[in-house]
Each structure stands twice: as C-alpha cells, then as structure tokens.
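Encoded as structure tokens, the structure appears first; notes follow it.
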Amino acid sequence: MNIKFKDGSQGQYSDGATPFEILKAKEPEATKRAVAARVNGQSVDLWRPLHADAELEFLTFDDSEGRDVYRHSSAHLMAQAVRELYPGVQLGIGPALEDSFYYDILVPEFLTPEDLEKIETRMGEIAKRKVPIQRRELSREEAITLFQERGEVLKVELLQEMEEGVSVYQQGDFVDLCRGPHLPNTGYIKNFKLLSLAGAYWRGDESRPMLQRIYGTSYPTAEQLEEHLRRHEEAKQRDHRRLGKNLDLFSFHPEAPGTPFWHPKGVILVDQAVKYWREMHTAHGYQEIRTPVVLSDVLWRQSGHYDHYRENMYFSRVEDRDYAIKPMNCPSGLLVYKTYQFSYRDLPQRFAELGLVHRFEKSGELHGLIRVRAFTQDDAHIFCTPEQIETEIVNLIGLVQEIYRTFGFTEVRVELSTQPENSIGSAEIWRRAEAALESALKKAELPHELNPGEGAFYGPKIDFHIRDSLGRSWQCGTIQLDFSMPERFELEYIGADGERHRPVMIHRAILGSLERFIGLLIEHYAGDFPLWLAPVQARILPITDKQHEYAIGVRDRMRKAGLRVEADLRSEKMGYKIRQAELEKVPVMLVVGGREAEADQVSMRLKGQGDQGAKPVNEVITLMQNAVERKQQQL
RNA sequence: GCUGGCGUAGCUCAGUCGGUAGAGCUGCUGAUUUGUAAUCAGCCGGUCGGGGGUUCGAGUCCCUUCGCCAGCUCCA
C-alpha cells in the first residue's frame with residue numbers, strides 16, 4: 001500500500017503494517033517521540049495495522065492531540081493502579097484536560113493524600129513493566145457483558161447510551177471502555193504527579209452519587225513536570241485573595257459571607273476603574289441613572305424574576321408589604337424609561353447604572369471577589385428601535401474591546417448563549433433575537449463559541465470571559481437582547497408614522513461585576529498595577545531625618561499635582577524602606593538625601609527595575625502625570 | 001448545597017502519645033542618622049473559630065455549628 005507523509009514524501013509498505021513499524025523503517029529516531037498517529041486525519045494507535053493507501057502523520061507530545069493521548073493513557077494508568085490497590089472500586093470517566101487529567105472513581109472508602117502516594121508508587125511500578133496497551137473492538141452487547149462481569153455498573157450505564165460498535169483498551173488485567181487512541185505501552189508515562197482529590201457528581205448530576213475525582217498530570221520529561229509544578233506555585237502567588245490581604249485592598253468577614261469589605265487602597269482601585277468607565281460612557285452617549293436596592297415584589301412578579309429567578313433572590317417584609325432586594329437592575333431601568341415620552345428621534349436611549357445587586361449563592365460557590373453574593377454591575381439598558389439593534393451591538397462590541405484593552409486584557413473568550421429551558425417570550429421572539437446577535441457578531445468579525453441553552457431567561461446573550469490565575473474562566477461582559485421586558489412593561493415610543501411602537505431593550509455590562517473585574521485585574525497584574533490604577537503611586541524615602549522637611553514638601557507638591565504619594569519617615573535604613581515599598585508593590589520610589597534636597601531633586605527608583613538616577617522634582621511629576629493620563633502599562 | 005480538607009497572636013506558621021500555648025514578622029518603647037530589597041535591644045500580644053461532650057486533665061479525642069480552601073453543581 002502507498003503511504004503519503006506530511007512532509008510530502010511517500011513510500012510503499014506491506015499490507016497490515018502499523019504506523020509504528022512504518023515510522024521505525026522511515027525514521028527510527030522519531031519512534032521515541034511519537035505517541036500516536038493520524039491516518040487520513042483521524043487519530044489512531046501506533047499499533048493499529050493499516051490496510052489501505054493513506055495519508056499518515058505522527059503525533060507527539062508537542063501536538064495538543066498528542067498531549068491528550070499521553071494524558072488519557074496516564075488516566076488509565078492511574079485507574080489501573082487504583083483498581084489493583086482498592087478492591088470493589090468502579091470507574092466513571094477519566095479524560096485528559098488542557099495540562100492534566102483526572103479520573104472519577106467510586107471508591108468504598110474515602111481516599112486520603114496518603115492514598116495518593118500509594119497510587120503514585122503503584123503507577124510507577126506498572127509503568128516500569130511497560131505493559132502493552134491493546135485495543136479491542138467489540139459489539140455493544142459483548143462490552144456490556146464484559147463490564148457487567150467485572151462489576152462496572154457505571155460503565156454499563158455509559159454503554160447503554162452508546163451506539164453499536166465500541167472499543168475497549170486493555171493493559172494487563174485492566175480493561176477500560178475507551179475510544180482511544182492510547183500510547184503503545186505504560187512505559188511511555190515516565191513523569192507524573194497526582195495533584196488533588198475532590199468530589200464530583202456522577203455525570204455532573206446533583207441527584208446522582210458522588211464519585212471521587214483524582215487529578216494528576218504527566219509529562220515526558222522530569223523538567224517539564226517540574227516546570228508545571230513551578231507554574232502552579234507561581235499562580236498561587238498571584239491569587240487575588242492572597243494579594244488582596246497582603247496589599248491591604250479588602251477583607252472578608254464571617255459576619256457577611258461572600259461580600260467584600262473594601263479597604264482604602266481597594267477603594268482607590270475601584271474608583272479609578274469607575275472614573276475611566278464614566279469617561280468612556282459619557283463619550284459613547286450614555287446617561288447615568290441610580291435606582292433603589294429594595295423594590296416591591298409586585299415589580300418582580302411583573303418582570304418575571306419572581307417566577308424565574310426566585311431561588312437566587314433575597315426577600316424582606318415590612319409593614320405587611322413584601323419587598324425583594326434587587327438581583328438585577330433592569331426593572332428599575334424600565335420604570336425610568338416610562339417616565340418619559342420618547343419619539344423615534346430620541347432613540348436610542350442609553351441609561352447606564354452602577355447598580356448594587358444581591359444574589360444568593362450557595363455557600364460552596366463563593367470565591368473571593370470573583371464569586372460573591374453582592375456586587376456592583378456596570379449595567380446599562382439601551383432602548384432602541386428594531387432597526388438600530390445591529391449598529392448598537394456592533395458599537396457595543398467595540399466599546400467592550402476598547403475598555404478591556406485599556407485594562408491590559410487581551411485574551412478574552414466570547415460566547416453566544418441561546419434560549420434556555422426556563423424562559424419567557426415566544427419562539428419567534430427568541431429566533432429574531434438570536435439571529436440579531438449572530439449577525440452583529442459576524443459584522444464585528446468576532447470569533448466566538450456557541451453555548452446553547454445558556455441565555456438569560458428573557459433573551460439570548462453574547463458573553464465575554466476572562467481567565468483567572470488558575471486558568472478558570474469567568475464571565476465579565478455580557479450583551480443581552482430582550483424583546484420581552486418592553487412587552488411586559490408596555491414600553492412605547494412614537495414612530496415617524498405618529499403611531500405607538502414597542503422599543504427593543506439591550507441589557508449590557510462590560511466589566512460585569514466591579515468586584516469580579518477588580519479580582520481578575522489583581523491577578524492579571526499580579527498586584528503590579530499600572531500607575532493610573534496603583535493605590536500608592538509613589539513613596540518618598542528620606543535617607544535621614546534631616547531630609548524629612550524636604551520629603552514632606554515634595555510629597556505635598558506631588559499631591560497637589562494629583563498624584564497619590566506617601567512619605568516613609570521611619571528611622572530605618574534605605575535598604576529596609578526600599579524592601580518594604582517593593583513588597584507593597586509601590587511603582588515609584590523617590591529617594592531623597594542631602595544631595596537631592598540641595599538641588600530640588602529626587603532619585604527615582606522604579607519597582608522591579610532599580611535606580612534610575614536623580615531628576616528634578618518637576619520632571620518626575622510630569623513623567624508620572626503623563627503615564628497616568630495615557631494609562632501606560634509601564635512608566 | 002454536595003464530597004473531602006483546613007481554622008493556633010494583626011500576618012506566616014510550629015505545637016510529639018491528652019499533661020502549665022511557641023517562633024519569626026508586624027506593632028509599641030528606646031538606641032541608631034543610615035545612599036537603593038531586612039540595624040540592634042526590650043516589651044506588648046492568645047477564651048487555640050463558636051457551642052456542647054468524654055476525661056483527674058483537651059489546641060490535641062467525640063458531637064454540633066460558623067467560616068475558609070479544592071472540586072462538583074449553579075452563575076456576573
């Protein structure tokens with residue numbers, strides 16, 4: 001048979017040759033790196049015999065597909081070790097992740113970290129034996145019998161939902177239901193580490209039993225494994241909860257779980273972000289409103305929140321009347337709109353609101369600033385005619401991107417979420433709304449993923465996601481198109497024809513939650529904020545107390561110039577004061593000794609960059625003002 | 001909410017087998033007057049998350065409750 005290779009070459013091989021044999025004949029050295037093959041675009045085992053002409057490619061750990069094979073086989077190796085060590089276990093599923101793998105296992109006894117060590121040791125033994133990993137293709141019936149005999153009820157359940165023609169992989173006594181491909185033998189898995197242990201519902205369903213999920217990672221070389229663990233350690237250092245405490249930005253207290261207490265430095269961060277946000281919104285034709293936090297339950301019944309969002313809401317009852325604490329700002333926006341009589345000439349109307357909303361979250365879902373129970377949405381509701389939808393949304397996408405860029409976020413994932421099960425509005429309305437969002441995304445040339453069934457209950461949405469330090473992705477911005485609320489609240493505008501028409505409503509947030517956004521911002525910059533955001537922009541460090549008066553003078557001049565400046569007047573050595581300022585991540589340190597005081601100068605030291613030499617005070621002020629003005633990432 | 005883990009001084013953490021709670025940093029006082037990442041000395045600081053129990057005796061063992069962490073589920 002004739003085999004074509006990716007490099008353009010081709011060769012003749014006898015029928016039944018495996019990719020491994022072909023590679024060995026062609027390029028013996030490369031067999032060490034190959035983990036799987038791709039035949040006519042489909043990934044297969046290196047030991048799968050070929051029987052027809054084909055295009056052949058080899059996958060290594062450097063390909064994401066090859067990495068998945070490596071991790072997937074690692075998961076099998078781990079499962080094999082667990083089965084050998086703990087009788088009576090049942091396997092769930094065990095896929096590869098981006099840079100790790102896991103296996104969900106039903107274990108009669110709870111595993112402990114010590115168990116992980118035992119499992120690791122056993123994995124090492126099995127790997128050393130280089131146990132061949134073999135594929136077998138079975139009928140569904142045969143597979144069900146096989147797993148039933150082995151007491152693998154979970155696998156049988158999976159099989160019952162699968163199509164005819166399945167494959168299993170066997171290594172020694174261990175058999176697993178799996179599509180593959182896999183490594184040729186367990187000896188390929190050389191460097192691995194089991195990372196953590198957690199519960200996970202079987203098939204992600206709260207009502208099903210909880211399995212134990214074991215996470216691990218594996219690499220071909222020890223250096224790569226070390227590097228992975230080091231990166232993980234580093235990521236922990238930039239965790240916003242840790243930095244928030246160290247940098248004195250905010251605190252949490254059991255008296256109000258899930259709601260941050262902002263400290264003075266944290267407030268500066270929030271204020272700077274809001275100041276910029278206001279400038280941008282004014283420039284883009286928004287007007288700001290401010291509405292109540294506690295509103296009558298009658299309103300929430302009318303809006304549909306009572307029926308569709310009640311589990312997440314807080315309620316209050318006074319003087320025999322029921323109130324709800326707002327989980328969203330939209331109903332208030334609608335009430336404001338209704339106080340006006342708008343003509344088509346007045347639209348679009350863009351009402352922005354920094355609204356404090358409360359949403360009840362189950363205790364286990366809270367996470368620092370990123371997942372809280374009370375947060376400030378940088379909300380806005382745009383009321384427009386149906387014809388204006390596309391332009392509005394395309395412009396909005398541009399605004400979102402510009403604002404993210406200013407904060408240094410360049411890696412943003414975009415999703416289009418469509419009608420959920422629990423929703424209001426007719427099928428026709430949903431179809432129109434979804435089509436409108438799709439065409440706006442197309443026009444804006446924004447690559448995006450589809451997230452079916454994840455829209456808001458009143459309309460589909462475009463979501464913007466940002467990753468945290470540990471690689472978890474969080475929704476920030478959102479653009480939601482809503483034909484239903486205007487209907488429910490009977491909004492109107494007067495058209496060119498003199499008749500009453502119904503406007504369309506766009507709900508949108510860019511930062512999403514101020515709290516979440518600041519949390520992600522802290523992690524993004526690892527606390528090293530650009531000058532315009534830094535809570536303390538400069539600290540003046542006099543060498544002896546002879547310069548105190550001069551230092552205070554410089555500090556006050558800089559403050560009058562609009563800069564956030566402190567002076568460290570403690571009787572400490574320079575090295576100590578610098579160390580403190582560096583640890584507190586103050587971007588600019590200004591050392592003043594006798595020489596500087598004499599010449600109206602300061603010695604400028606930049607955080608992480610060291611001494612920049614003496615400069616006139618006015619020059620430093622101008623330099624810093626410019627960096628703030630331009631929102632420079634670096635001074 | 002669920003599964004598992006963790007709560008000791010303001011912070012980071014020790015505390016063995018159940019036998020009188022410890023260190024460093026911070027803070028305070030004093031000395032020191034310092035030139036680019038830790039000057040020295042002394043002092044203060046604790047209902048061991050809360051409540052209950054076992055015990056002659058509990059930071060340590062048991063129950064319960066609150067909070068936090070990882071993951072699951074759910075969401076900005």
Side-chain angles (χ1 to χ4, degrees), chain A residues 102 104 107 110-113 195-215 236 239 241-242 245-246 248 251-258 309 311-312 327-328 357 359-379 417 454 456 461 463-466 470 472 474-478 480 507 509-517 519-520 541-548 570-583 589-596 603-614:
Chain A
Y102 69 81
D104 283 349
V107 189
F110 297 114
L111 296 175
T112 63
L195 302 169
S196 63
L197 209 48
Y201 298 111
W202 171 231
R203 316 198 76 181
D205 185 340
E206 265 182 293
S207 65
R208 306 294 302 267
M210 186 161 271
L211 312 184
Q212 292 191 60
R213 176 171 295 182
I214 309 175
Y215 283 92
K236 281 205 275 193
D239 188 312
R241 291 165 299 186
R242 178 194 166 87
K245 190 186 271 183
N246 290 349
D248 191 20
S251 57
F252 281 93
H253 303 271
E255 288 79 359
Y309 208 74
E311 309 80 70
N312 292 298
M328 296 188 196
V357 299
R359 296 183 185 176
F360 172 73
E361 303 285 352
K362 297 179 198 165
S363 55
E365 292 162 349
L366 302 175
H367 180 85
L369 292 178
I370 290 180
R371 189 79 185 268
V372 292
R373 285 187 176 146
F375 57 98
T376 311
Q377 284 186 309
D378 66 317
D379 214 344
S417 299
E454 295 298 322
K461 54 182 189 165
D463 289 330
F464 298 82
H465 294 256
I466 295 175
L470 295 172
R472 295 171 293 208
W474 299 90
Q475 186 186 319
C476 290
T478 183
Q480 311 174 345
H507 308 240
I510 294 178
L511 311 179
S513 143
L514 247 45
E515 288 74 4
R516 171 176 292 181
F517 195 80
L520 293 171
L541 312 176
I543 290 171
T544 75
D545 52 16
K546 291 194 185 67
Q547 291 89 42
H548 279 191
R570 293 174 305 172
S571 150
E572 298 287 354
K573 286 185 169 171
M574 194 41 50
Y576 182 80
K577 292 185 184 183
I578 284 172
R579 181 181 158 76
Q580 290 270 301
E582 290 271 349
L583 289 176
M589 287 154 273
L590 302 173
V591 176
V592 298
R595 296 198 294 272
E596 288 82 1
S603 275
M604 186 168 79
R605 179 192 166 95
L606 297 182
K607 192 205 160 265
Q609 295 175 53
D611 194 1
Q612 308 290 308

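Order of the sequence lines fixes the chain letters, A, B, ..., with proteins taken first and strands second; residue numbering starts at 1 for each chain.
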Quiz item: Using the P atom in both, what is the distance from B:A14 to B:C61, to the nearest Å?
Solution: 15 Å

Quiz item: Using purine N1 to pyrimidine N3 plus N6-O4 or O6-N4 for Watson-Crick, or N1-O2 and O6-N3 for G-U wobble, each under 3.5 Å, what pairs with B:U33?
Solution: none

Quiz item: At what distance, to the nearest 0.5 angstrom, does CG of A:Leu111 lie from CG of A:Leu197?
Solution: 5.5 Å

Practice problem: Check whether any side-chain nitrogen or oxygen of A:Lys245 sits under 4.0 Å from OP1 or OP2 of B:U12, and answer yes or no. | Solution: yes

Quiz item: Checking all strands, does A:His253 fall into the base, sugar-phosphate, or nothing category for heavy-atom contacts under 4.0 angstrom?
Solution: nothing

Quiz item: What is the ring orientation for A:Tyr102 with A:Tyr215, classed by angle as parallel under 30°, tilted 30 to 60°, or perpendicular over 60°?
Solution: tilted

Quiz item: Which whole-number value in Å describes the distance from A:Phe252 CZ to B:C66 P?
Solution: 19 Å

Exercise. To the nearest Å, give me how far apart CD (A:Gln547) and P (B:U34) are.
Key: 9 Å

Quiz item: Is there a side-chain polar atom (N or O) of A:His367 under 4.0 Å from OP1 or OP2 of B:A70?
Solution: yes

Exercise. Tell me yes or no: between the side chains of A:Arg203 and A:Tyr201, is some donor less than 3.5 Å from an acceptor?
Key: no

Quiz prompt | Under 3.5 Å: donor-acceptor pair, side chain of A:Gln612, backbone of A:Gly610 | solution = yes

Practice problem: Would you please confirm or rule out a distance under 4.0 Å between OP1 or OP2 of B:C72 and any side-chain N or O of A:Arg213? | Solution: yes

Self-check item: Ring-on-base stacking B:G71 with A:Tyr215 (under 5.5 Å, under 30°)
Solution: no

Self-check item: Nearest-Å distance for atom pair NE2/P, residues A:His465 and B:C75
Solution: 12 Å

Quiz item: To the nearest Å, how far apart are A:Arg208 CZ and B:U3 P?
Solution: 17 Å

Quiz item: Nearest to the side chain of A:Gln377 - B:G1, B:U39, B:A76?
Solution: B:A76

Practice problem: Using a heavy-atom cut-off of under 4.0 Å over every strand shown, decide if A:Gly593 touches base, sugar-phosphate, or nothing. | Solution: base

Practice problem: May I ask you to say what A:Ser603 touches in the nucleic acid, namely base, sugar-phosphate or nothing, with a heavy-atom cut-off under 4.0 Å? | Solution: base

Quiz item: For A:Glu515, which contact category applies under a 4.0 Å heavy-atom criterion: base, sugar-phosphate, or nothing?
Solution: nothing

Quiz item: Does any nucleotide pair with B:G18 by Watson-Crick or G-U wobble geometry, both distances under 3.5 Å, and what is it?
Solution: none

Quiz item: Which one is paired to B:C48, where only Watson-Crick or G-U wobble pairs with both distances under 3.5 angstrom count?
Solution: none

Quiz item: If the P atom of B:C44 is compared with that of B:A23, how far apart are they to the nearest Å?
Solution: 11 Å

Quiz item: Got a salt bridge between A:Glu582 and A:Arg605, using NZ or NE/NH1/NH2 to carboxylate O under 4.0 Å?
Solution: yes

Practice problem: Remember a base hit wins even if backbone is also touched, and classify A:Arg203 as base, sugar-phosphate or nothing at under 4.0 Å, heavy atoms. | Solution: nothing

Quiz item: Between A:Ser571 and B:U32, does any side-chain N or O lie under 4.0 Å from OP1 or OP2?
Solution: no

Practice problem: Between B:U3, B:G1, B:A37, spot the one nearest the side chain of A:Glu365, thanks. | Solution: B:G1

Quiz item: Looking across every strand, which nucleic acid part, if any, lies under 4.0 Å from A:Val357 by heavy atom: base, sugar-phosphate, or nothing?
Solution: nothing

Quiz prompt | P spacing across the pair B:U54 / B:C13, given as an integer number of angstrom | solution = 35 Å

Quiz prompt | Pair A:Lys546 + A:Glu596: basic N to acidic O under 4.0 Å | solution = no

Quiz prompt | Rounded distance in Å between the C1' positions of B:G52 and B:A70 | solution = 30 Å

Practice problem: Give a yes/no on whether any side-chain N or O of A:Lys461 is located under 4.0 angstrom from OP1 or OP2 of B:A76. | Solution: yes

Quiz item: Among B:U33, B:U34, B:A76, which nucleotide sits nearest the side chain of A:Ile543?
Solution: B:U34

Practice problem: Take the protein atom CG of A:Leu541 and the nucleotide atom C1' of B:A38, then report the distance between them rounded to whole Å. | Solution: 14 Å

Quiz item: Any N or O donor-acceptor pair linking the side chain of A:Tyr201 to the base of B:G71 at under 3.5 Å?
Solution: no

Quiz item: With the threshold set at 4.0 Å, does a side-chain nitrogen-carboxylate oxygen contact exist between A:Arg241 and A:Asp239?
Solution: yes

Quiz prompt | Atom C1', compared across B:C48 and B:G59: separation rounded to whole Å | solution = 5 Å

Practice problem: Would you mind reading off the distance between A:Arg579 atom CZ and B:A37 atom C1', rounded to a whole angstrom? | Solution: 6 Å

Quiz prompt | Under 3.5 Å donor-acceptor pair, A:Glu596 side-chain atoms to B:G35 base atoms | solution = yes

Practice problem: Indicate, with a heavy-atom threshold strictly under 4.0 Å, whether A:Met210 touches base, sugar-phosphate, or nothing. | Solution: base

Exercise. Sticking with atom P, work out how far B:C11 lies from B:U34, rounded to a whole angstrom.
Key: 37 Å

Self-check item: Among B:U34, B:A70, B:C72, the nucleotide that comes nearest once only the side chain of A:Ala200 is considered
Solution: B:C72

Quiz item: Backbone N or O of A:Glu361 within a donor-acceptor pair of the A:Arg373 side chain at under 3.5 Å?
Solution: yes

Exercise. When you get a sec, tell me which of B:G35, B:A37, B:C75 is the closest nucleotide to the side chain of A:Glu454?
Key: B:C75

Quiz item: Within the structure, does a side-chain N or O atom of A:Arg241 lie under 4.0 Å from either OP1 or OP2 of B:A70?
Solution: yes

Quiz item: Which whole number of Å gives the distance between the C1' atom of B:C72 and that of B:U55?
Solution: 40 Å

Practice problem: Check the distance between B:U73's P and A:Asp104's CG and give it to me in whole angstrom. | Solution: 10 Å

Practice problem: Find the partner of B:A70: check Watson-Crick (N1-N3 plus N6-O4 or O6-N4) and G-U wobble (N1-O2, O6-N3) distances, both under 3.5 Å, and reply none if neither fits. | Solution: B:U3

Quiz item: Rounded to the nearest Å, what distance is computed from the CG atom of residue A:Asp463 to the P atom of nucleotide B:A76?
Solution: 6 Å

Quiz item: Using purine N1 to pyrimidine N3 plus N6-O4 or O6-N4 for Watson-Crick, or N1-O2 and O6-N3 for G-U wobble, both under 3.5 Å, which nucleotide pairs with B:G42?
Solution: B:C28

Quiz item: At under 4.0 Å between heavy atoms, what does A:Gly477 touch on the DNA or RNA strands: base, sugar-phosphate, or nothing?
Solution: nothing

Quiz item: RNA chain B: A:Ser196 or A:Gln580, which has the more 5' nearest nucleotide?
Solution: A:Gln580

Quiz item: Hey, which of these two, A:Gly364 or A:Glu572, hits RNA chain B nearer its 5' end, going by closest nucleotide?
Solution: A:Gly364

Quiz prompt | For B:A23, the Watson-Crick or wobble counterpart (both distances under 3.5 Å) | solution = B:U12

Self-check item: Base of B:A37 paired with side chain of A:Glu582 (donor-acceptor, under 3.5 Å)
Solution: yes

Self-check item: Trace of the side-chain hydrogen bond (donor to acceptor under 3.5 Å, both in side chains) decision for A:Gln377 with A:Ser513
Solution: CA-CA 5 Å; A:Gln377 284 186 309; A:Ser513 143; over 6 Å; no

Quiz item: Which value, in whole Å, describes the distance between the C1' atoms of nucleotides B:G27 and B:C63?
Solution: 39 Å

Quiz prompt | A:Ile370 backbone acceptor or donor facing A:Arg516 side chain under 3.5 Å | solution = yes

Quiz item: Hey, does the side-chain of A:Arg371 have a donor or acceptor N/O within less than 3.5 Å of a partner on the base of B:C74?
Solution: yes

Practice problem: Look at the side chain of A:Met574 and decide which nucleotide, out of B:A76, B:C66, B:G35, has an atom nearest to it. | Solution: B:G35

Self-check item: Closest nucleotide among B:A76, B:U33, B:G35 to the A:Arg359 side chain
Solution: B:A76

